[in-house]
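What follows is a single structure, written as structure tokens, with notes after it.
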Protein chains: 2
Amino acid sequence: MTTYTTPHKDLQFVLHNLLKVSEQDIPGFADLDRDFTGAVLEEVGKLSSDVLHPLNAVGDTEGCTLENGIVRTPKGFKEAFDQVREGGWTALDAEEQYGGQGLPYVMHSAVNEPMVSANMAFNMYQGLTHGAYSAIRVHGSEQQKDTYLPKLASCEWTGTMNLTEPHCGTDLGLMRTKAVPQEDGSYKVTGQKIFISAGDHDMSDNIIHLVLAKIPGGPDGIKGVSLFIVPKFIVKDDGSLGERNGVSVGKIEEKMGIHGNSTCVMNYDEATGYLIGEEHKGMRAMFVMMNEARLGVGLQGYAQAEVAYQNAVAYANDRLQGRDVTGAKNPDGPADPLIVHPDIRRNLMDQKSFTEGARAFTMWGAYLIDRAHKMDDAQADGLISLMTPVLKGFLTDKGFEYATAAQQVYGGHGYIEEWGMSQFARDARIAMIYEGANGVQALDLVGRKLAVDGGKHLMGFFEMIKSFIKENEGNEALKADFLDPLKAASKDMQAAAMYFMGAMKNPNNALAGSYDFMHLMGHVCLGYMWAQMGKAAMEALEAGESDTAFYQTKIATGRYYMARQLPATAMHLARINTGADTVMALEAANF
Amino acid sequence: MTTYTTPHKDLQFVLHNLLKVSEQDIPGFADLDRDFTGAVLEEVGKLSSDVLHPLNAVGDTEGCTLENGIVRTPKGFKEAFDQVREGGWTALDAEEQYGGQGLPYVMHSAVNEPMVSANMAFNMYQGLTHGAYSAIRVHGSEQQKDTYLPKLASCEWTGTMNLTEPHCGTDLGLMRTKAVPQEDGSYKVTGQKIFISAGDHDMSDNIIHLVLAKIPGGPDGIKGVSLFIVPKFIVKDDGSLGERNGVSVGKIEEKMGIHGNSTCVMNYDEATGYLIGEEHKGMRAMFVMMNEARLGVGLQGYAQAEVAYQNAVAYANDRLQGRDVTGAKNPDGPADPLIVHPDIRRNLMDQKSFTEGARAFTMWGAYLIDRAHKMDDAQADGLISLMTPVLKGFLTDKGFEYATAAQQVYGGHGYIEEWGMSQFARDARIAMIYEGANGVQALDLVGRKLAVDGGKHLMGFFEMIKSFIKENEGNEALKADFLDPLKAASKDMQAAAMYFMGAMKNPNNALAGSYDFMHLMGHVCLGYMWAQMGKAAMEALEAGESDTAFYQTKIATGRYYMARQLPATAMHLARINTGADTVMALEAANF
């Protein structure tokens, strides 16, 4: 019942008017001109609307099934996966030597949005593969790269990430899975891993499991964790597939959503594994991928809000209910469409101003990753490390909130599965949990990232905002609606950071405010994006661009965000300033 | 996997320390002494924990099925319903002449909370019956009352409410269901109704449908709507059941949650109906029940948050993950329990301080209903009418938010259905939608309720708060932590009300802020409850009550609410003050 259309103009606006990608001095960026990115988005738009989105409800309803140890994906998934593969969509930013197109990560992200909006559960099969590719590319041996990367780039083989065990998720130091060294240099991996997305399925010839495990005799805790390649089928020296490895599916989990993705309990029983990188340095290998993976999950958050928003708008225009209090807008009909009502508008504008701000923030993050990786830019690397928990935590919290808000526009029909709005909310819910639950993101932000390099990256971010405001102060159109609110919100963020610095004597005072800080910073980031987008839209209008309605809408949407969303920063600051006293007041027994 | 325990002490605290029910001059209240209410809560607690809650997951997993036109409820529901019936729990506040126990509504509400927490979907069968009972009691003829009320009180027969049709929910004036008068004084009812909770099932001998329909030739729109009794089986003059009426189940809806309740499409095909009250005055009959029904839905909101909270606390104490940053709390174990972490505390305190405040607010609302109904107290009636949209809208929004927050404590396990946390969130979601979607509650509040009787009831509420603050200003322990924040929040609410009054020229300026006002007022109401509960707990400690940990925890939880939740009022005011400009800026085509 739902539909999806790629926000082509909005993506182009972010790439070209905001980030001006083709003018950047980053290797590969010069090719990203407006025609090229437009053509790519056009193609992925068709795929997303026509192939992937129609399978979204199918995946939710059918789910995955385990038959005689083999996972069957929902009807149509395999054919669609073939199409995605054949279109080269899985290898967009993979290196050319491994069969990829070598495009920047920002382009991968721009293409990823429509695919995730259209069918989040489906897209995870290639998303996890992308993660496995990156881990092997950065830390694998040349032989491992040659063996696995071409197949992962093309998704002929898919990948998985195996971290969690029944008794440990965030605290991976408690891990029990063992990897025992063998004489031939390989390891025998034994243990149970849970919540393994795309753990098994029937859409690829092989599955390359990346498994964290402990080598007996190594250091205790997290420092004794190593990363292994454990293929479902052993890859022979000539590249062909050999015998089945000792890895099997224990069961498929029944989840709240993303039913189209097979979330498996995986049992490793003396499975042959190959060490990636150094012994006991597994977490380092994982962390390399984390900025990308977490940005990808943040994207899932707003991408679900986007598709939910599109359907809510359609319903609000279609459904006749009540009359505009200022006078009938559809006098010949039995009632006016929902969209005349101010509270429906309020709800839709909340959604719209969030998703557009989030898109800009995410693509900016992807651009920073390109700058960091392709130019060894330490400043960009520091900045994206600082932003990563915000991208993940804030965008997924809000993404779920607004997917739910879109569902609300449908009234009772929003609660009926047939209408499809429930799925967006249920699917979006997982993004707040996996790849580090959002509370852990907040802890990472306040407990680690703020203080990195003496707080240099945080200061750098404040400086960016300050400079932007200063440079544009003379712009009357921008000042009251964009710059002044941004300045106020940024001050709230600085005050919160100051409070945390003063709280060092009792770290709980900072940590009790970590979640609020993540949201406060999220609003400042989106406010900063909107101020820049407001400026860019004004410039486009001044330059005589013909699509005036688009740019005027962009400005109006930004004004909404600045006026009605940014005031949240003061509330978060007020909560932060109360410290840990009321938070930690109770004995555990008195909860 | 989940458990539930009635918050016995907390309910007793609200009834006796806060509301001092047995000291009230309302008929029937003198009997509500601490021993009596304690004994009743003890019994309903056993029923809820031992009988109803174990069926909660069963209801979710099995759902209801339609077999040959008859709805089958999940395994165990019928036996449990018999137990509820036999225990007299369905007739607690029904009149004694109809077989009830004649207890006040506040007692019904106190007993309702555990039953709803334990199994929301199950409890709806009797909840809807309670609504049907009330409608017939207030508007039915003597003969109708004698025929239906005893059976509805005992739930030998259950009831339903039929309002929504496929093309109209909120805007009932668009209704198409027809009721054609017959010579014998009855009507032939024809049409389709959707989203009919408990529309059919196998747990009672008869089902009494209350159906809104239009009598041909009557006034257009909402003024031409009448209310009818349409029994599933015609009741003969001697009270025995006659032939099957022309009403059938079209299908059972697949919903996001409350699967244990049969939500039906009901088809009426010249079904025999009996007018309740006057022709074309159907909405008046519905509105009588609305305060009660909406309070009941608000209760569902916080009751789901309560059971979710209880399980989150258990998990946070049980799950070992990470270490307390200020020093290990479980040094002999592999890690500390989750509850040592400040952000887990922050989350749990948000939940706890909300549910306890919401419980007080709801029981106060129920007390106002008793005062209004049993004493014809116009002031209480005006106040509860004003509070009703807030009770419904604020408590269900927050109830869902915190049920989701409790799910988050479980990390990945929160997303797996087997653990039960997803169900609480999915079930709670409906409460934001039915019985008037929350946007409609906000519209009712700002568009109607604020101005009733020249704003007298709103002013009365402000006066209550002012008087409370003034009376207690000398109480040092109360002032800084409770009275000052309450004063600030109340000022925000007054400023918002003033803004709305000034906005009368453009009603959109008020309506664009209606949702924020509903939340702003919700916080003020809970803040007012907490200030009174803080005082009551201090008094109990001064009086030398032995359970000091309970009262100290109550005070600490209140301090948390005042310090960390009430600051939201300023954000809502800031949003309200921006008016409709940014909300209404876009053409519908530009969303």
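So that the names make sense, note that chain A is the first sequence line, chain B the second, and so on, each numbered from 1.
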Tell me, side chain or backbone of [X] under 4.5 Å from chain A's heavy atoms, or both, or neither?
X        : answer
B:Tyr561 : neither
B:Asn317 : side chain
B:Thr404 : both
B:His413 : both
B:Arg319 : side chain
B:Ala580 : neither
B:Leu586 : both
B:Thr326 : side chain
B:Gln407 : both
B:Ile430 : both
B:Pro337 : neither
B:Asp350 : side chain
B:Tyr515 : both
B:Ser514 : side chain

Give me the atom names and distance for the closest heavy-atom approach of [X] to [Y].
X        : Y        : result
A:Arg575 : B:Gln565 : NH1-OE1, 3.2 Å
A:Ala512 : B:Pro342 : N-CB, 3.7 Å
A:Gln321 : B:Asp171 : OE1-N, 3.0 Å
A:Ala588 : B:Ile339 : CB-CG2, 4.0 Å
A:Tyr415 : B:Arg429 : CE1-CB, 3.8 Å
B:Gln408 : A:Ala437 : NE2-CB, 4.0 Å

Look at [options] and state which one has the largest set of heavy-atom pairs under 4.5 Å with chain B.
options                                : answer
A:Arg323, A:Met571, A:Met256           : A:Met256
A:Arg426, A:Met562, A:Met584, A:Arg564 : A:Arg564
A:Thr557, A:Thr553, A:Leu566           : A:Thr553

Looking at [options], which one has more heavy-atom pairs under 4.5 Å with chain A than the rest?
options                                : answer
B:Arg345, B:Gln310, B:Gln552           : B:Arg345
B:Ile194, B:Val313, B:Val325, B:Asp324 : B:Val325
B:Glu418, B:Glu253, B:His167, B:Arg559 : B:His167
B:Pro334, B:Ala574, B:Ala556, B:Gly412 : B:Gly412
B:Ala570, B:Ala585, B:Ala549, B:Ala563 : B:Ala563

| query | side chain to side chain donor-acceptor pair (under 3.5 Å): which pairs involve residues 579-591 of chain B, sequence neighbours left out? | reply |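 Counting only pairs at least two positions apart or across chains, no side chain to side chain donor-acceptor pair (under 3.5 Å) contact touches residues 579-591 of chain B.
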| query | Rounded to the nearest 0.5 Å, how far apart are CD1 of B:Ile344 and CG of A:Leu443? | reply | 10.0 Å
| task | Starting at NE2 of A:His341, measure out to OG1 of B:Thr170 and round the result to the nearest 0.5 Å. | result |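 So the NE2 of A:His341 and the OG1 of B:Thr170 are separated by 8.5 Å.
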Measuring heavy-atom distances to chain B, does [X] have an atom under 4.5 Å in its side chain, in its backbone, in both, or in neither?
X        : result
A:Lys255 : both
A:Val340 : backbone
A:Tyr410 : neither
A:Gln423 : neither
A:Ala442 : neither
A:Ile258 : both

| Parallel, tilted or perpendicular: ring planes of B:Tyr309 versus A:Phe591, cut at 30 and 60 degrees |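 Ring orientation of B:Tyr309 relative to A:Phe591: tilted.
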| Taking NZ, NE, NH1 and NH2 as the nitrogens, is one of them in B:Asp516 or A:Arg346 under 4.0 Å from a carboxylate oxygen of the other? | no
